[in-house]
Amino acid sequence: MALGIFAKTKVCCVIGDPIEHSMSPAVQNAALAEAGIDAVYVAFKVRKEECKRALGGMRALGILGANVTVPDKVEALACVDELDALAEWIGAVNTIKNDNGKLIGFNTDGLGALNALGESGTETRGKRILVIGAGGAAKAVALTLAKEGRVSEIVIANRTRENAKELAREVEDKTRVKTRFFGLGEGELKKAVGMSDILVNCTSVGMSPNSRETPVPKNLLRRELTVFDIVYNPLETRLLREAREVGCKTVSGDSMLVHQGAKAFEIWFGRKPDVGVMREAMLGELKKKK
Ligand SMILES: NC(=O)c1ccc[n+]([C@@H]2O[C@H](COP(=O)([O-])OP(=O)(O)OC[C@H]3O[C@@H](n4cnc5c(N)ncnc54)[C@H](OP(=O)(O)O)[C@@H]3O)[C@@H](O)[C@H]2O)c1
């Protein structure tokens with residue numbers, strides 16, 4: 001918990017709808033307490049139509065920072081005064097800093113994924129990355145890895161092939177990193193997995209309550225692959241369990257969640273939080289949900 005709430009206490013928040021399930025208050029308040037920072041982090045339920053007014057309120061009240069979650073991430077783009085280059089590329093804002101009344105929008109989702117890979121000792125430099133999915137998270141991950149990860153190639157595989165094609169084209173246009181795209185039919189998926197060094201599941205397949213599902217059949221996995229699933233509920237998805245059984249290095253989604261929050265903390269307070277404390281708080285929240 002925060003140290004105490006006083007007149008000088010800074011306020012950060014998360015906005016979105018639904019918001020009751022958010023783990024961010026527990027995670028960020030644990031990090032604030034550990035760092036001894038006089039700030040508190042709260043959650044506000046904000047419908048898409050109210051996003052602009054809510055962010056106006058952030059300016060008026062001098063709220064230092066905000067995280068933005070579904071369904072406000074795209075809406076927030078048009079409500080801030082300035083955009084970080086990655087947020088502009090991704091077309092969504094998940095973190096806002098109030099710089100003396102000027103709201104600056106960032107997107108830390110992809111950086112969270114990059115740092116989760118880094119923490120696991122996975123080198124992305126020169127590697128071919130397979131991103132499964134072409135939705136909001138896939139876009140953030142693919143664009144960030146292409147911009148910041150020094151990767152050799154981004155391969156997109158998605159159920160709707162047209163969406164894979166569109167994302168691959170966008171990544172190549174914006175970053176000049178070479179891309180390919182595939183559908184999820186068995187032959188195509190086999191080819192995509194076979195040519196890749198790191199596989200990142202950015203679909204919701206395997207997420208509770210559909211935890212028996214997997215986006216990639218076990219027989220397509222090989223032990224040289226690193227398998228990263230951004231789904232964090234359950235912590236070990238079927239994809240990760242089968243990858244572990246095959247002998248792959250695995251990275252779980254909770255790590256991305258913690259690192260994207262850590263990046264937001266750093267943007268607001270100019271210092272790195274204790275990621276271990278944040279992870280512990282998040283695992284505590286996940287346990288409560290069981
Ligand atoms: N760990 C973290 O920090 C973190 C951060 C963000 C998101 N996530 C997780 O990432 C997942 C995706 O989120 P999102 O915001 O990108 O969602 P989204 O924009 O709705 O995109 C969903 C993606 O999943 C694909 N998909 C959905 N159902 C499928 C199925 N049955 N079979 C094959 N593909 C399927 C969609 O393919 P089509 O194009 O064919 O529809 C699309 O590519 C969610 O589980 C979310 O919780 C985790």
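For ligands, and for the atoms within them, numbers begin at 1 and follow the listed sequence.
Of all atoms in ligand 1, listed by their number and element, those nearer than 4.0 Å to a heavy atom of G133 are 43 (O). Interface atoms of ligand 1 facing G253, defined by a heavy-atom separation under 4.0 Å, are 1 (N). Heavy-atom contacts of T203 reach the following atoms of ligand 1: 11 (C), 24 (O), 25 (C) (cutoff under 4.0 Å). For ligand 1 and V205, the ligand atoms under 4.0 Å from any heavy atom of the residue are 29 (C), 30 (C), 31 (N), 32 (N), 33 (C), 34 (N), 35 (C). Atoms of ligand 1 found under 4.0 Å from any heavy atom of M207, numbered from 1 in the order shown, are 45 (O), 47 (O). Listed by number with element, the atoms of ligand 1 under 4.0 Å from a non-hydrogen atom of T160 are 38 (P), 39 (O), 40 (O). Which parts of ligand 1 touch C202 is read off a 4.0 Å heavy-atom cut-off, strictly below it: atoms 12 (C). Interface of Y232 with ligand 1, defined as ligand atoms under 4.0 Å from a residue heavy atom, comprises 1 (N).
Salt-bridge formation is detected for the pair E170/K174: a Lys NZ or Arg NE/NH1/NH2 atom is positioned less than 4.0 Å from an Asp or Glu carboxylate oxygen. Salt bridge status for E153 with K178: present, with a side-chain N to carboxylate O gap under 4.0 Å. A salt bridge is defined here as a Lys NZ or Arg NE, NH1 or NH2 lying under 4.0 Å from an Asp or Glu carboxylate O, and K102 with E82 meets this definition. Here R279 pairs with E119 in a salt bridge; the nearest charged N to carboxylate O distance falls below 4.0 Å. A salt bridge links R238 to E242: at least one charged side-chain nitrogen sits closer than 4.0 Å to a carboxylate oxygen. Taking 4.0 Å as the cut-off between side-chain N and carboxylate O, K127 and E123 do not count as a salt-bridged pair. For the pair K191 and E188, the salt-bridge criterion is not met [side-chain N within less than 4.0 Å of a carboxylate O]. A salt bridge does not link R169 with E166: none of the charged nitrogens is closer than 4.0 Å to a carboxylate oxygen.
At a heavy-atom cutoff of 4.0 Å, ligand 1 is contacted by the side chain of N163 but not by its backbone.
For atom 5 (C) of ligand 1, the nearest protein heavy atom (residue, atom name, distance) is M256 CE, 3.6 Å. Atom 19 (O) of ligand 1 has as its closest protein heavy atom G136 N, 2.9 Å. Looking only at heavy atoms of the protein, atom 36 (C) of ligand 1 is closest to N158 OD1, 4.0 Å. In this structure, atom 15 (O) of ligand 1 lies nearest to the protein heavy atom A137 N, 4.0 Å. Counting protein heavy atoms only, atom 8 (N) of ligand 1 is closest to I230 CD1, 3.6 Å. Nearest protein neighbour of atom 21 (O) of ligand 1, counting heavy atoms only, is G135 CA, 3.4 Å. R159 CB, 3.8 Å is the protein heavy atom nearest to atom 34 (N) of ligand 1.
Between T175 and the choices V177, T179, D173, the side chain to side chain contact (heavy atoms under 4.5 Å, CB included) rule is met once, by V177.
In terms of polar-atom proximity, defined here as any N/O pair under 3.5 Å, D109 makes no such contact with ligand 1.
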Kindly determine whether R59 and D81 satisfy salt bridge (charged side-chain N to carboxylate O under 4.0 Å, His left out), including the steps that lead there.
-> CA-CA 11 Å; R59 254 188 220 103; D81 304 307; 3.0 Å; yes
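Residue contacts with ligand 1: A134 is included, with a non-hydrogen atom under 4.0 Å away.
Heavy-atom minimum distance, A164 versus N158: CB-CB, 3.7 Å.
By the definition of a contact as any protein heavy atom under 4.0 Å away, atom 25 (C) of ligand 1 is in contact.
The closest side-chain heavy-atom distance from V141 to D109 is not below 4.5 Å.
Between G110, A113, S204, it is S204 that holds the heavy atom closest to atom 27 (C) of ligand 1.
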